[in-house]
Amino acid sequence: MTNLLHCSVLLNEAITSLNVKPEGNYIDATFGRGGYTQSILNQISTGHLISIDQDSEAIKYGEKKFKDAISAKRLFLIQNNYEHIDSIVNEVGLKTIDGIVFDLGVSSPQFDDPKRGFSYRFNGPLDMRMDQRQTLTAFKVINSYDAVHLKKIFKDYGNAPCSWQVAQAIVKERKKQPIKTTMQLVGIIFDYLPEAVKRKKGHPAKKFFQALRIEVNHELFSLKTALEKSLEKLKIGGIISVVTFQSLEDKIVSRLFRKLAKYQDYPKGIPIIPENVKPKLELTTRQAIKPSELELKHNWRAHSARLRSAKKIRNISF
Ligand SMILES: C[S@@+](CC[C@H](N)C(=O)[O-])C[C@H]1O[C@@H](n2cnc3c(N)ncnc32)[C@H](O)[C@@H]1O
């Protein structure tokens, strides 16, 4: 049942946005199954690529598939969280970075493997860790957070309906027996959601599962941290491109890019505009780029994808 392949989303658009130069140094912050990595490697000659993933299965796959590029030191494949992107670059020893690309979220092999516990469609352990070395799992969240905390996660990270009722139901049910599997959790959500909510479009557990995954993997914190560090590391003239899959991620990217692409406030009437208030980014995509009809026909998982891209034009420090 496990699908070992991942169909890369917005591949051409994302890689074209980087404007890859043969001698440039690049980072693929979300290796997955290496679709973006392959495309960048095809375009660099004397340049280098650092590819990062926190998932040991992704790294194992990549070490085999890209054996030659790794031994030739064209590709540095690193198992780590992209929130450490600055120290990763320092350790590899690249002096300048011409482009960084993020393709956020979960890969198909992660999603479709029941034992990873990401999907409400398959029965499996409540796990949801992208990094298997991490101690926080979905089991821990569901069986130890209090109802107020659970409700906050469901609401803030999933905008899930009846978050409070479901949070209370989880606390009640786990007193009878631990909630160990994805299907136990789906069952509780089903039992406690009103019929009217269940009749709405989409699987009733979808938003709860999304919220839980974001909590387990600290996804929003990691993204904010990684974007800031990436923008600091990128050389002037370098490009950052990010593919997001849900509105919380997209908001983080678009707000940060827009803020840095504007003049900061400064006292009116001074003769020379201070350098530090000038825009630090130039938006290379004004509106987010969405997948084409053709891509959606082949890969429905791309439907919520949005690509935003920006060029660094001045030094940035947070
Ligand atoms: C959508 S997939 C990327 C697919 C890839 N672009 C391709 O074409 O094969 C996202 C990958 O990013 C990884 N990932 C997500 N968050 C991460 C983080 N904070 N640090 C490192 N890797 C992360 C996941 O483990 C997953 O393998």
Side-chain angles (χ1 to χ4, degrees), residues 2-18 20 26-43 49-66 75-89 99-113 116-119 127-134 136 157 210 213-230 241-246 248-250 252-253 291 295 298-307:
T2 306
N3 174 16
L4 283 176
L5 296 175
H6 175 84
C7 184
S8 300
V9 172
L10 286 170
L11 173 67
N12 284 334
E13 293 85 345
I15 304 305
T16 305
S17 74
L18 287 180
V20 176
Y26 295 88
I27 302 178
D28 173 1
T30 50
F31 172 80
R33 282 300 177 271
Y36 284 23
T37 285
Q38 180 70 70
S39 180
I40 297 171
L41 281 176
N42 291 345
Q43 296 182 48
L49 173 62
I50 299 176
S51 293
I52 303 167
D53 208 294
Q54 58 181 338
D55 184 336
S56 59
E57 289 184 9
I59 296 295
K60 238 184 271 162
Y61 174 91
E63 282 172 346
K64 259 202 202 147
K65 178 158 187 211
F66 293 100
L75 171 64
F76 299 87
L77 184 58
I78 312 281
Q79 185 184 1
N80 206 334
N81 192 309
Y82 54 52
E83 70 189 48
H84 305 301
I85 200 160
D86 52 345
S87 39
I88 295 171
V89 174
I100 305 179
V101 64
F102 289 81
D103 175 21
L104 300 175
V106 181
S107 66
S108 296
Q110 290 169 326
F111 211 65
D112 294 340
D113 182 351
R116 303 297 299 266
F118 282 107
S119 175
D127 190 318
M128 294 196 187
R129 289 170 302 172
M130 290 190 202
D131 182 343
Q132 299 90 336
R133 301 164 300 185
Q134 179 186 301
L136 184 66
Y157 297 161
Q210 175 190 300
R213 196 195 86 201
I214 291 176
E215 170 66 13
V216 169
N217 296 289
H218 311 118
E219 288 181 31
L220 304 182
F221 171 82
S222 291
L223 176 60
K224 276 188 215 142
T225 311
L227 289 177
E228 292 182 357
K229 290 184 173 176
S230 298
S241 294
V242 188
V243 175
T244 63
F245 288 86
Q246 37 97 346
L248 294 172
E249 291 170 343
D250 190 49
I252 291 174
V253 179
E295 175 163 9
H298 294 295
N299 184 13
W300 177 244
R301 281 191 176 161
H303 74 278
S304 56
R306 302 285 177 270
L307 166 69

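All ligand and atom numbering here is 1-based and tracks the order in the structure.
The ligand atoms of ligand 1 that sit less than 4.0 angstrom from a heavy atom of M130 are 14 (N), 15 (C), 16 (N), 24 (C), 25 (O). Of all the atoms in ligand 1, the ones that sit under 4.0 Å from a non-hydrogen atom of D55 are 25 (O). Taking every non-hydrogen atom of N81 and a distance limit under 4.0 Å, the qualifying atoms of ligand 1 come out as 18 (C), 19 (N), 20 (N), 21 (C). Ligand 1 places these atoms under 4.0 Å from at least one heavy atom of L104: 1 (C). Near N80, meaning under 4.0 Å from any of its heavy atoms, are these atoms of ligand 1: 20 (N), 21 (C).
The heavy atom nearest to atom 11 (C) of ligand 1, out of those in D131, D53, L223, is found in D53. The closest non-hydrogen atom to atom 10 (C) of ligand 1, taken over G105, S8, S107, comes from G105.
Distance from atom 22 (N) of ligand 1 to its nearest protein heavy atom, with residue and atom name: Q54 N, 3.2 Å. For atom 7 (C) of ligand 1, the closest non-hydrogen atom on the protein side is G35 N, 3.4 Å. When hydrogens are left out, the protein atom nearest atom 9 (O) of ligand 1 is R33 N, 2.9 Å; that is the closest non-hydrogen contact. Nearest protein heavy-atom neighbour of atom 6 (N) of ligand 1: D103 OD2, 2.7 Å. Given atom 20 (N) of ligand 1, the protein heavy atom at minimum distance is Y82 N, 2.9 Å.
Remark: the backbone N or O of M130 is paired with a side-chain donor or acceptor of N217 at under 3.5 angstrom. Formation of a donor-acceptor pair under 3.5 Å by the D28 side chain with backbone atoms of G34 is not found in this model. Panel note: side chain Q134, backbone V216; a donor-acceptor pair is recorded below 3.5 Å.
Residue contacts with ligand 1 for E83 are absent, since no atom lies close enough (heavy atoms, distance under 4.0 Å). Here V9 has no heavy atoms under 4.0 Å from ligand 1, in either its backbone or its side chain.
Annotation: side chain to side chain contact (heavy atoms under 4.5 Å, CB included) contacts of N299 (sequence neighbours excluded): C7, V9, R301, A302.
Looking only at side-chain heavy atoms (C-beta outward), N81 and T225 stay at 4.5 Å or farther from each other.
In terms of polar-atom proximity, defined here as any N/O pair under 3.5 Å, H6 makes no such contact with ligand 1. Of the polar atoms of S222, none of the N or O atoms is found under 3.5 Å from an N or O of ligand 1, judged by distance alone. When only interatomic distances are considered, the shortest N/O to N/O separation between G34 and ligand 1 falls below 3.5 Å.
Summarising the geometry, atom OH belonging to Y26 is positioned 8.5 Å from atom CD1 belonging to I40; distances are rounded to the nearest 0.5 Å.
By the 4.0 Å N-to-carboxylate-O rule, D131 lies too far from R129 to be salt-bridged with it.
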